[in-house]
Amino acid sequence: MNYYLFIPFVIICLLFLPIKLEARLSFNLLDMSGAVGAFLYGFKVTHQMIWIKKDKIITKKEEAIDSQEIDFQGKEIIFLKIFLKQLTNKTRLKKIELFYNIGLDDAFRAAMVSGHINFIVVYLYAKIKNVKPTASLELNDTISYNRKVLQFAIKCVISISLFDIVYSWLNSVILTKKKRKDIS
């Protein structure tokens, strides 16, 4: 038996078997700050703190000393928009969990706003369920009656093949260069 045939078999399996990715985002709307994390099969790939100041996003890695500023009109944001658009059709959505904590110093207003948020989220979940019927969708809400707080967190689990990621990345690089030429 020729063992060299095992190498292309492993490469093909790695390219086309789905990869389980998990993204976590939490954000505090009062401080305009939050955190973003990405996990591959449960292992941390990246974790960054983010702040939004006027027209810039400031990011800082968990263990880094310096921070990075990203302009809303910069090439990074344009690339990210195109890349995410390319990936949306190729991903298989497994699970979305939405957590939020809301408090407005008034129990009645907090409960009413929470009810409206629940209505909007359930409506969006119904739209998602029409497109991705096998997805598991969860909503967890907490109402703080005694303090002012507005925090949101989302956990999303998707699966995608490595081939689809590389194809989308290459296509996004080409489209970003075209778009930058059109703008200039």
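Side-chain atoms are counted along with the backbone in the values below, which use heavy atoms only and exclude waters and symmetry mates.
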Inset, instruction - Would you indicate whether the side-chain heavy atoms of K61 and H47 approach each other to under 4.5 Å? - result: no
NZ (K178) and CG (L175) are apart, to the nearest 0.5 Å, by 6.5 Å
*Taking C-beta and beyond as the side chain, do I58 and M49 meet within less than 4.5 Å on heavy atoms?*
no
task: Determine, using the 4.5 Å side-chain heavy-atom cutoff (strictly less than), whether Y145 and L30 are members of one ILVMFWY cluster.
output: yes
Quiz item: Would you say the side chain of I50 lies within less than 4.5 Å of the side chain of L25, judging by non-hydrogen atoms?
Solution: yes
| message | With a 6.0 Å cut-off (strictly less than), is the heavy-atom count around NZ of K177, excluding the residue itself, greater than 12? | response | no
Exercise. Take atom NZ of K129 as the centre, draw a 6.0 Å sphere, and report whether it contains more than 12 heavy atoms from other residues, nucleotides or ligands.
Key: yes
Note to self: Evaluate I96 against E138 for side-chain contact (heavy atoms from CB on, under 4.5 Å), listing each step before the verdict.
What the structure shows: CA-CA 6 Å; I96 294 179; E138 294 181 23; over 6 Å; no
* To do: Look at atom NZ of K94 and say whether more than 12 heavy atoms of other residues, nucleotides or ligands are closer to it than 6.0 Å.
  => no
Exercise. Heavy atoms, side chains only, cut-off 4.5 Å: are I160 and L21 in contact?
Worked result: yes
Rounded to the nearest 0.5 Å, the NZ atom of K44 sits from the CZ atom of R24 at a distance of 10.5 Å
Side chains of N171 and S168, donor plus acceptor under 3.5 Å = no
d(M32 CE, W51 CH2) to nearest 0.5 Å is 13.5 Å
Rounded to the nearest 0.5 Å, the CG atom of L104 sits from the CE atom of M112 at a distance of 12.0 Å
Rounding to 0.5 Å, atoms OG (S172) and CD1 (I82) come to a distance of 6.5 Å
Path from I12 to F163 over hydrophobic side-chain contacts below 4.5 Å: yes
Taking C-beta and beyond as the side chain, do Q48 and K60 meet within less than 4.5 Å on heavy atoms? no
Could you please spell out the steps behind the side-chain contact (heavy atoms from CB on, under 4.5 Å) verdict for E22 and K155?
CA-CA 7 Å; E22 182 177 321; K155 179 180 170 184; 3.1 Å; yes
Find out whether S26 and F99 are in side-chain contact, i.e. whether some heavy atom of one side chain is under 4.5 Å from a heavy atom of the other.
-> no
*Evaluation steps, side-chain contact (heavy atoms from CB on, under 4.5 Å), between D141 and I117*: CA-CA 9 Å; D141 59 346; I117 291 173; over 6 Å; no
Kindly work out whether a path of hydrophobic side-chain contacts (I/L/V/M/F/W/Y, heavy atoms less than 4.5 Å apart) joins I174 to F79.
no
Shortest non-hydrogen pair, L150 vs N28, comes out as O-OD1, 3.2 Å
hydrophobic_cluster_shared for L29 and V121, side chain cutoff 4.5 Å: yes
Around atom CG of N130, are there more than 12 heavy atoms of other residues, nucleotides or ligands at under 6.0 Å? yes
Heavy-atom nearest pair, I128 first then L93, reads CG2-CD2, 3.7 Å
Heavy-atom donor-acceptor pair, K56 side chain to I52 backbone, under 3.5 Å
no
Would you say Y125 and L139 make side-chain contact, with heavy atoms under 4.5 Å? yes
Note: A110 and G103 closest approach over all heavy atoms is CB-CA, 4.5 Å
Separation between CD1 (I102) and NZ (K148), nearest 0.5 Å, reads 11.0 Å
Heavy atoms of Y41 and I19 approach each other most closely as OH-CA, 3.4 Å
Between F27 and F152, is the ring centre distance below 6.0 Å?
-> no
I'd like to know if the side chain of S144 reaches the main chain of R147, judged simply by a donor and an acceptor atom lying under 3.5 Å from each other, with no hydrogens or angles considered. no
ask   = Quick one: are Y100 and Q151 in side-chain contact, heavy atoms under 4.5 Å?
value = no
TODO: State yes or no: do L40 and L87 share one hydrophobic cluster built from I, L, V, M, F, W and Y residues joined by side-chain heavy-atom distances below 4.5 Å, directly or via other members?
DONE: yes
